[in-house]
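Comments concern the structure below.
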Number of protein chains: 2
Amino acid sequence: MKSELQVFQDYIRLRELRRTPERERILREIFEIHGHFDVDGLYLQLKQKGVKVSKASIYRALPLFIDCGLVREVEFSQGHWHYEHIYGHSHHNHLRCLSCGEIQEFENLFLHCLEEQLAKEYGYRIKSHHLQVEGLCPACRQREDEAGRS
Amino acid sequence: MKSELQVFQDYIRLRELRRTPERERILREIFEIHGHFDVDGLYLQLKQKGVKVSKASIYRALPLFIDCGLVREVEFSQGHWHYEHIYGHSHHNHLRCLSCGEIQEFENLFLHCLEEQLAKEYGYRIKSHHLQVEGLCPACRQREDEAGRS
DNA sequence: TTTTTATTGAGATTCATTCGCTATAGTACT
DNA sequence: AGTACTATAGCGAATGAATCTCAATAAAAA
Ligand SMILES: [Mn+2]
Ligand SMILES: [Mn+2]
Ligand SMILES: [Zn+2]
Ligand SMILES: [Zn+2]
């Protein structure tokens, strides 16, 4: 399997763009982040490490990473986008706790069938799906129950 | 079944807010819109009818309608939110054409099972889910095929 | 090297959304 | 009806994420 850097370099060559240290540094940082991130968090994390990249460069690099399948937009919340790297991970969806924000990832063997069914029923050629489930995690569920009882 | 106006009035009383002609006019307009809408479109539609409400009032009213289950956010795209009224409609998800933007609504008998499975597996109390499927509609699919052949 | 031109950083700009202010108008209680 | 209380409306200003501008820089190709 190609490294994410290799994937990006191939993409850069294909699109006749240029390899730059900024883009590759941002990419490396993204693949060091465990979990979801936003532009501001990524920027601050780089800044703390003494890496000098501008927010504009991050905003300009993200669409490239997304375009070549390394990163995806996860959700728009708190007024801005949140992302995650996906290269090397199996496709998954998110179960989010409405109370504490904890995110549980899960895989769905079934949604493939749904896609096929939709393709047949409506004549669409399905490209992707995005499922987000929300609820209360075990801890917050318990807390809610106790609050309700009193 | 209560009317959407009645639902809203009950909610207003419960939360000890005030009935105002603006809020009720905005609500009425929303339930006259077939399909999805955004704040700007709603505002212009009201303006064209000679109704004088400010955008700020729309922005302030929407969270109330969402809170009492009359309206929901559909998706964030093109830099802003899109909404739809849901009261009186069965729960549905969206199949969107990536090329022309056409939206096909569909119901999912199955996702209930998925919710139960997730509840069991992770101990979550599921509150809602949001599934968005993307692809090419029949017309755009055909157009893509023809372009590829030539 | 030299040339070409994509990319960068910093600041300006855009645009959706929110906020602050004051006048107004719902609501409740005489 | 009249009065008091205060939530809400409208307006313009403020906010903040994302994009754009532009001069300086540095990849890539020759
Ligand atoms: Mn994830
Ligand atoms: Mn819909
Ligand atoms: Zn939780
Ligand atoms: Zn289409």
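Lettering of chains follows the sequences in order, A, B, ..., and the numbering in each one begins at 1.
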Checklist line | Rounded distance (Å) that lies between atom C1' of dT8(D) and atom CD of E16(B) | finding: 16 Å
Checklist line | Beyond-backbone contact of I26(A) with F65(A), side-chain heavy atoms, under 4.5 angstrom | finding: yes
Notebook entry, point to check: Between H91(A) and H129(A), does a ring pair (Phe, Tyr, Trp, His ring centres under 6.0 Å) hold up when you go through it step by step?
Noted result: CA-CA 10 Å; H91(A) 178 72; H129(A) 70 255; 4.9 Å; yes
Margin query: Output the rounded distance in Å from CD (Q9(A)) to C1' (dA27(D)).
Written below: 13 Å
Notebook entry, point to check: Do S90(A) and E107(A) have side-chain N/O donor and acceptor atoms under 3.5 Å apart?
Noted result: yes
Note to self: OP1 or OP2 of dA25(C) versus the side-chain N and O atoms of T20(B): is any pair under 4.0 Å?
What the structure shows: no
Notebook entry, point to check: Looking at the side chain of H80(A), which of dA6(C), dA17(D), dG26(C) is the nearest nucleotide?
Noted result: dA17(D)
Next item on the list: Provide, to the nearest angstrom, the distance between the CD1 atom belonging to I26(A) and the P atom belonging to dG9(C).
Entry: 8 Å
Notebook entry, point to check: Separation of D38(B) atom CG from dC15(C) atom P, in whole Å?
Noted result: 14 Å
Item checked: R60(B) or W81(B), whichever maps to the more 5' nucleotide of DNA chain C -> W81(B)
Check: For the pair made of CZ in R23(A) and C1' in dT8(C), what is the distance, rounded to whole Å?
Finding: 10 Å
Notebook entry, point to check: Between S57(A) and Y59(B), who's closer to the 5' end of DNA chain C by nearest nucleotide?
Noted result: S57(A)
Notebook entry, point to check: Going by distance alone, is a donor N or O of one side chain under 3.5 Å from an acceptor N or O of the other, for H130(A) and E75(B)?
Noted result: no
Checklist line | Residue that, paired with H94(B), satisfies side chain to side chain contact (heavy atoms under 4.5 Å, CB included) out of E134(B), Q104(B), H36(B) | finding: H36(B)
Check: In degrees, rounded to 10°, what is the bend between the two ends of the helix from dT1(C)-dA30(D) to dT30(C)-dA1(D), using five pairs at each?
Finding: 40°
Margin query: Between K120(A) and E116(A), does any side-chain N to carboxylate O distance fall below 4.0 Å?
Written below: no
Check: Among dC11(D), dA27(D), dA18(D), which is the nearest nucleotide to the side chain of V39(A)?
Finding: dA18(D)
Note to self: Rounding to an integer number of Å, can you tell me how far I58(B) CD1 sits from dG10(D) C1'?
What the structure shows: 12 Å
Check: Taking the side chain of K52(A) as heavy atoms from C-beta outward, which of dT5(C), dA25(C), dA10(C) is closest to it?
Finding: dA10(C)
Checklist line | Within-4.5 Å side-chain heavy-atom neighbours: I126(A) and Y124(A) | finding: yes
Notebook entry, point to check: Which nucleotide sits closest to the side chain of A56(A): dA10(C), dA9(D), dT8(C)?
Noted result: dA10(C)
Margin query: Checking contacts here: which listed nucleotide (dA16(C), dT7(C), dA9(D)) is nearest the side-chain heavy atoms of L17(A)?
Written below: dT7(C)
Check: Within this structure, what is the CZ-to-P distance between R19(B) and dT24(C), rounded to whole angstrom?
Finding: 23 Å
Note to self: Closest approach to the side chain of R18(A), judged atom by atom: which nucleotide of dT6(D), dT5(C), dA9(D) is it?
What the structure shows: dT5(C)
Checklist line | Nearest-angstrom distance from the residue atom CZ of R15(B) to C1' of dT27(C) | finding: 17 Å
